[in-house]
Amino acid sequence: MMVVSSKFFNRPTLTVARGLLGKFLVRKIGRRKIAGMIIEVEAYDGPHDKASHASRGRTERTRVMFGKSGYWYVYLIYGMYYCLNIVTEKENYPAAVLIRSVEIFGSQTSLGGRTSRYICGPGRVCKYFKIDKWFNEKTASRKTGLWIEDRKIKITPRMIKRGKRIGVEYAGKWKNRLLRYYI
DNA sequence: AGATTGATCCAT
DNA sequence: TGGATCAATCTG
């Protein structure tokens, strides 16, 4: 159960996005832990990506995307739902990966497998993990109570599918980029 | 298909 | 300072 360090995120955003598939999002509340395997993400890559909040430049909201990698970017959308992103790449290059869906593993079955269920959609992920703006601009680490873990699940390239990002129709040619990755 | 909901951003 | 917009979700 290795905690993924900021070094992992200080790499090309598309590499990080693919690398996050199969990793675990872990939330600690008191002595309770919530954990789920990441199965769907989207990359928001650089200042020219019109789908990215950072394409409008550095603002109060987007400054975290311009900051160091390994920090959480959490924002409210449609006045109701939070979205969780992890900042990638070096300082001053605005980029992040949105965590869209996770798989929650349950009890062991008699045949040695495990039951599981899916939390699909960034708003639902935040609701399930009890994530709100408190985490914005905080690090992904044990000390904040929200981090990414490597549990050595092997994800091969052929297991990874890609598609267009969701809900970015306004983004011109960037809307068609295949920056959504899922298992 | 339509309602919800409020922070954010930019044009007035 | 106001009004459009939004990395979504729920209900019918």
Side-chain angles (χ1 to χ4, degrees), chain A residues 4 8-9 11-25 27 34 36-89 92-104 116-140 144 146-148 160-183:
Chain A
V4 175
F8 175 90
F9 302 104
R11 294 186 297 153
T13 304
L14 277 55
T15 306
V16 174
R18 283 188 293 263
L20 276 172
L21 297 174
K23 300 284 190 298
F24 282 72
L25 179 65
R27 172 87 164 95
I34 308 169
M37 191 176 78
I38 297 166
I39 57 169
E40 184 188 12
V41 297
E42 282 175 359
Y44 290 84
D45 187 12
H48 306 297
D49 180 353
K50 284 284 179 286
S52 171
H53 296 159
S55 67
R56 310 231 202 189
R58 203 185 289 247
T59 67
E60 174 113 22
R61 178 168 73 156
T62 62
R63 73 175 175 218
V64 59
M65 291 187 76
F66 287 81
K68 288 201 275 283
S69 61
Y71 282 71
W72 297 117
Y73 170 36
V74 181
Y75 61 89
L76 185 66
I77 191 69
Y78 300 113
M80 272 182 271
Y81 303 106
Y82 291 101
C83 291
L84 177 68
N85 300 250
I86 183 83
V87 174
T88 59
E89 310 222 24
N92 295 319
Y93 184 88
V97 175
L98 171 68
I99 297 175
R100 288 193 61 89
S101 303
V102 300
E103 182 174 3
I104 307 295
S116 77
R117 72 188 186 97
Y118 299 101
I119 309 293
C120 298
R124 291 179 186 144
V125 167
C126 285
K127 189 174 170 194
Y128 185 84
F129 282 82
K130 303 195 191 324
I131 293 161
D132 61 21
K133 271 202 89 165
W134 185 86
F135 287 99
N136 190 44
E137 299 192 273
K138 295 202 163 57
T139 59
T144 61
L146 183 66
W147 66 91
I148 304 286
I160 299 176
K161 303 192 191 314
R162 57 190 314 197
K164 297 177 187 179
R165 292 173 293 182
I166 309 291
V168 296
E169 290 308 304
Y170 56 88
K173 67 176 182 185
W174 286 89
K175 77 172 195 278
N176 293 319
R177 297 280 312 273
L178 304 178
L179 296 177
R180 173 172 159 256
Y181 300 93
Y182 56 100
I183 297 175

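- Of the P atoms belonging to B/dA1 and C/dA7, the separation is 22 Å, rounded to the nearest Å.
- Considering only side-chain atoms of A/Tyr81, the nucleotide from B/dC9, C/dT9, C/dA7 that sits closest is C/dT9.
- A/Tyr73 places a side-chain heavy atom less than 4.5 Å from the side chain of A/Arg61.
- Taking every side-chain heavy atom of A/Tyr170 into account, C/dA7 is the closest of B/dT4, C/dA8, C/dA7.
- The two atoms that bring A/Leu178 and A/Lys164 nearest to each other are CD2-N, 3.7 Å, heavy atoms only.
- Between A/Glu40 and A/Arg180 there is a side-chain heavy-atom pair separated by less than 4.5 Å.
- As rounded to whole Å, 11 Å separates atom P of C/dT9 from atom CD1 of A/Ile119.
- Between the side chains of A/Ser52 and A/Ser55, not a single donor N or O lies within less than 3.5 Å of an accepting N or O.
- When each of A/Arg61 and A/Gly79 is assigned the nucleotide of DNA chain B bearing its nearest heavy atom, the one mapping closer to the 5' terminus is A/Gly79.
- Atom P of nucleotide B/dG6 and atom OH of A/Tyr82 are separated by 10 Å, given to the nearest angstrom.
- Of the candidates C/dA7, B/dC10, C/dT9, the closest approach to any side-chain atom of A/Arg56 belongs to B/dC10.
- Checking C/dC6, B/dA7, C/dA7 against the side-chain heavy atoms of A/Leu76 singles out B/dA7 as nearest.
- Note on A/Arg165: nothing from the nucleic acid sits closer than 4.0 angstrom, heavy atoms only.
- What separates OH of A/Tyr44 from C1' of C/dA7 is a distance of 4 Å, to the nearest Å.
- Here the side chain of A/Lys133 is nearest to one of B/dT4, B/dA7, B/dC9, namely B/dA7.
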